[in-house]
2 protein chains.
Amino acid sequence: MLMVLDPRRLLLLRDVARAGSISAAARGLGWTQPAVSQHLARLERDAGGPLLLRGPAGVTPTEAGEALLRRADVVAAELHAAREELAALHSLRGGRVRLVAFPSAAATLVPDAVGALAADHPGVEVGLQEGEPPEALAAVSAGDADLALAFGYDGPPAGLGTLAWRPLLEEPVHLVLPPGHPGPGRRGLADLADEDWIGGCVRCRTHLVTRCAAAGFEPTVRHTSDDYVVVQNLVARGLGVTVLPASALAAYRHPDVRVVDLPVLGRRHVGLVHRPGADAVPATAALVARLVARASA
Amino acid sequence: MLMVLDPRRLLLLRDVARAGSISAAARGLGWTQPAVSQHLARLERDAGGPLLLRGPAGVTPTEAGEALLRRADVVAAELHAAREELAALHSLRGGRVRLVAFPSAAATLVPDAVGALAADHPGVEVGLQEGEPPEALAAVSAGDADLALAFGYDGPPAGLGTLAWRPLLEEPVHLVLPPGHPGPGRRGLADLADEDWIGGCVRCRTHLVTRCAAAGFEPTVRHTSDDYVVVQNLVARGLGVTVLPASALAAYRHPDVRVVDLPVLGRRHVGLVHRPGADAVPATAALVARLVARASA
DNA sequence: GAGGGGGCATAAGTTGTGCTGATGGTGCTC
DNA sequence: GAGCACCATCAGCACAACTTATGCCCCCTC
């Protein structure tokens with residue numbers, strides 16, 4: 001019976017009713033009178049009956065018109081509120097960003113960036129969670145997080161899928177030895193084939209095994225911890241050797257351990273992961289910008 | 001900064017979010033995928049940022065998108081309610097019609113028609129008010145009434161302006177004489193030049209004076225009342241002569257008065273007055289139909 | 001009573017939006 | 001690696017929407 005009502009025409013009806021006449025509404029909109037007249041005619045056709053009664057001095061709504069006007073008021077209010085809400089998000093008066101970061105990054109880079117964002121825009125709500133790259137990427141993919149700080153060895157982390165990768169920094173991976181250890185000789189990593197090794201997180205351990213295999217041996221991993229303080233304490237006591245990325249050593253450096261630069265261990269690539277387009281979300285973009293600034297400093 | 005949001009695109013965003021993907025929404029709407037895609041791109045441009053994040057398996061809303069979706073839900077609900085409301089008015093499950101009628105019509109024709117309407121459509125609210133044609137027309141013009149039952153002598157009432165006139169019936173105007181009165185002779189109305197006259201409402205009196213002037217005399221209006229029962233009682237007591245339209249005599253006929261048909265007195269035209277287009281309003285149309293049916297019966 | 005200014009509707013013409021169809025890119029699945 | 005999801009982009013076409021032009025009515029004024 002009655003067709004679907006075009007909400008734009010509903011708002012036009014509201015303009016006309018407020019202006020008091022079709023011509024006045026047209027002037028207010030910067031349109032011509034027939035344009036408004038035709039829209040109104042179409043709306044009345046869709047509504048199945050007259051909405052405005054035309055008099056010599058303008059128009060007055062019918063009962064159906066008044067009913068639609070009440071609805072139109074609500075629609076107009078919602079549209080206005082929506083614009084306000086968007087403006088608040090856009091100007092960072094509000095908004096939310098959920099970051100997942102791996103532990104050693106969370107200890108240094110993240111607090112700086114999050115603190116700066118909170119200071120500049122108190123309205124933005126920042127959610128922070130620790131997580132190794134695989135879980136971090138999963139959280140972003142699932143929509144449980146907006147941004148992930150992750151890393152990969154000699155390139156972006158695996159399993160990015162459709163996610164976008166933004167590199168932040170590259171850092172060397174160092175050999176960490178007990179005090180008094182002679183260090184690798186001319187044969188490099190292969191000189192350490194008989195040492196006891198201390199492994200970190202699963203992916204760090206995989207990287208270590210890969211590198212050692214390239215050097216011709218399989219390391220004996222006697223201890224395991226993903227805590228870089230614990231690892232260094234084990235090394236300092238002479239319980240084994242290990243590798244650590246530069247940022248972990250920057251966050252905490254045991255006074256007794258010996259750190260040796262060994263390029264063959266490769267470099268760790270640290271960067272941001274987000275869903276495509278998410279870097280255009282204001283709150284996310286603001287945090288990204290601050291993370292980039294801190295990383296390049 | 002951000003342009004005006006097209007509410008249709010807001011509803012489209014809602015469809016896409018509910019469908020889970022752009023393609024699925026397009027299928028549901030019977031559109032092609034690029035059509036939806038372009039609308040969304042336009043909406044995001046207007047909103048100043050992304051609203052949906054595209055993934056391999058569909059889309060998920062951003063924070064801004066969720067804000068707009070909440071608004072879109074309200075808009076959709078309002079549009080639905082508006083359609084329901086229109087349907088109720090159209091099917092006469094609701095609605096209102098305000099009728100102004102002149103007294104003698106209100107005594108006979110109106111109760112029948114209003115009763116029939118109330119019986120058929122209990123949801124329709126009928127407002128009834130008595131009023132002589134000038135006030136009735138003014139009420140309709142001012143929007144205080146939807147429909148007027150009015151009359152004019154020898155044609156539609158004066159002062160219609162832009163109002164529409166729908167004739168219902170024509171009735172003769174009769175001469176009303178005291179018992180035993182000889183009645184007019186060969187000269188017709190002029191034979192009554194020396195009588196005492198009883199006048200009715202202002203317009204009836206004007207009509208009477210006009211007719212007498214045409215007959216060559218000015219009537220002596222000794223008494224005045226717009227109540228046709230009172231007037232007939234005055235005539236019955238011999239206090240004067242008068243004229244009354246047939247419907248007044250049909251509503252009440254004093255047993256003693258003598259009624260004479262005198263074509264020179266003209267005919268009274270009874271009809272409906274409404275603002276142009278108002279007869280397309282369901283409730284008004286329903287009452288008009290019943291008034292027409294009763295009048296032609 | 002003729003003229004001017006208010007209101008509105010309608011018709012015809014032009015411009016721009018909005019849709020389609022085709023194409024290309026991507027990721028996931030078997 | 002082929003097939004099938006998803007999406008964006010482009011060109012092309014059709015209709016919708018707006019403008020211009022016109023006519024009608026009512027009201028007011030001179």
Side-chain angles (χ1 to χ4, degrees), chain A residues 3-4 6 8-9 11-13 15-17 19-46 50-61 137-138 140-142 156 158-165 273 275-278 280, chain B residues 3-4 6-9 11-13 15-17 19-46 50-61 137-138 140-141 158-165 275-278 280:
Chain A
M3 299 176 58
V4 79
D6 187 327
R8 292 177 313 168
R9 297 201 175 95
L11 296 176
L12 184 64
L13 175 71
D15 288 335
V16 172
S21 79
I22 295 180
S23 301
R27 283 191 298 271
L29 290 168
W31 289 1
T32 56
Q33 169 262 319
V36 181
S37 211
Q38 290 170 22
H39 270 296
L40 229 51
R42 174 71 183 276
L43 182 64
E44 291 184 319
R45 210 168 60 78
D46 292 347
L51 300 173
L52 296 176
L53 295 185
R54 280 76 165 171
V59 297
T60 55
L137 267 57
V140 171
S141 270
L160 271 180
T162 107
L163 299 177
W165 167 255
V273 175
R275 298 203 280 178
Chain B
M3 299 175 58
V4 80
D6 188 327
R8 293 176 311 166
R9 298 200 175 95
L11 297 177
L12 184 63
L13 175 70
D15 288 336
V16 172
S21 80
I22 296 180
S23 300
R27 283 192 297 272
L29 291 168
W31 289 359
T32 57
Q33 169 262 320
V36 180
S37 211
Q38 289 169 24
H39 271 295
L40 272 180
R42 174 70 183 276
L43 181 64
E44 291 183 319
R45 208 169 62 77
D46 293 346
L51 301 174
L52 295 176
L53 294 185
R54 280 74 167 172
V59 296
T60 55
L137 266 58
V140 171
S141 271
L160 272 182
T162 107
L163 299 178
W165 167 254
R275 297 203 280 175

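Within every chain, numbering begins at 1; the chains are lettered A, B, ... in the order of the sequence lines, protein sequences first and strands thereafter.
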Problem - Whole angstrom value for the distance that separates C1' of D:dC25 from CG of B:Leu160 - result: 14 Å
Handout entry: Shortest non-hydrogen contact from A:Leu163 toward A:Leu137
Key = CD1-O, 3.7 Å
Exercise for the section: List the steps and the verdict of side chain to side chain contact (heavy atoms under 4.5 Å, CB included) for A:Asp6 and A:Leu43. Expected result: CA-CA 7 Å; A:Asp6 187 327; A:Leu43 182 64; 5.8 Å; no
Practice task
Return the value, rounded to whole Å, for the distance between atom CG of A:Asp6 and atom C1' of D:dA16.
Solution key: 11 Å
Problem - For atom CZ of B:Arg45 and atom P of D:dT9, their distance in whole Å - result: 13 Å
Problem - d(CG, B:Leu52; P, D:dC7) in whole Å - result: 10 Å
Handout entry: Value in whole Å for how far the P atom of D:dA8 lies from CG of B:Leu53
Key = 11 Å
Handout entry: Sub-4.5 Å side-chain heavy-atom contact between B:Asp46 and B:Arg9
Key = yes
Exercise for the section: Nearest whole angstrom, please: distance from the C1' of D:dC15 to the CZ of A:Arg42. Expected result: 11 Å
Fill in the blank from the handout: When every non-hydrogen atom of B:Thr162 is compared with those of B:Pro276, the smallest separation belongs to O-CG, 3.2 Å
Handout entry: Residues forming a salt bridge (charged side-chain N to carboxylate O under 4.0 Å, His left out) with A:Arg27, sequence neighbours excluded
Key = none
Practice task
Quickly work out the A:Arg8 CZ to C:dT17 C1' distance and round it to whole Å.
Solution key: 10 Å
Exercise for the section: Grab the two heavy atoms, one from B:Leu40 and one from B:Arg54, that are nearest each other, plus how far apart they are. Expected result: CB-NH2, 4.3 Å
Practice task
Identify whether any heavy atom of A:Arg27 sits under 4.0 Å from a base atom; if not, whether one sits that close to sugar-phosphate; answer base, sugar-phosphate or nothing.
Solution key: sugar-phosphate
Exercise for the section: Could you check how far NE2 of B:His39 sits from P of D:dC7, rounded to whole Å? Expected result: 16 Å
Contact list (N/O, under 3.5 angstrom) for nucleotides 8-11 of chain C vs protein:
from	atom 1	to	atom 2	distance (Å)
C:dC8	OP1	A:Ile22	N	2.7
C:dC8	OP2	A:Ser23	N	2.8
C:dC8	OP2	A:Ser23	OG	2.5
C:dA9	OP1	A:Arg54	NE	2.6
C:dA9	OP1	A:Arg54	NH2	2.9
C:dA9	OP2	A:Ser37	OG	2.1
C:dA9	N7	A:Gln33	NE2	3.0
C:dA9	N6	A:Gln33	OE1	3.3

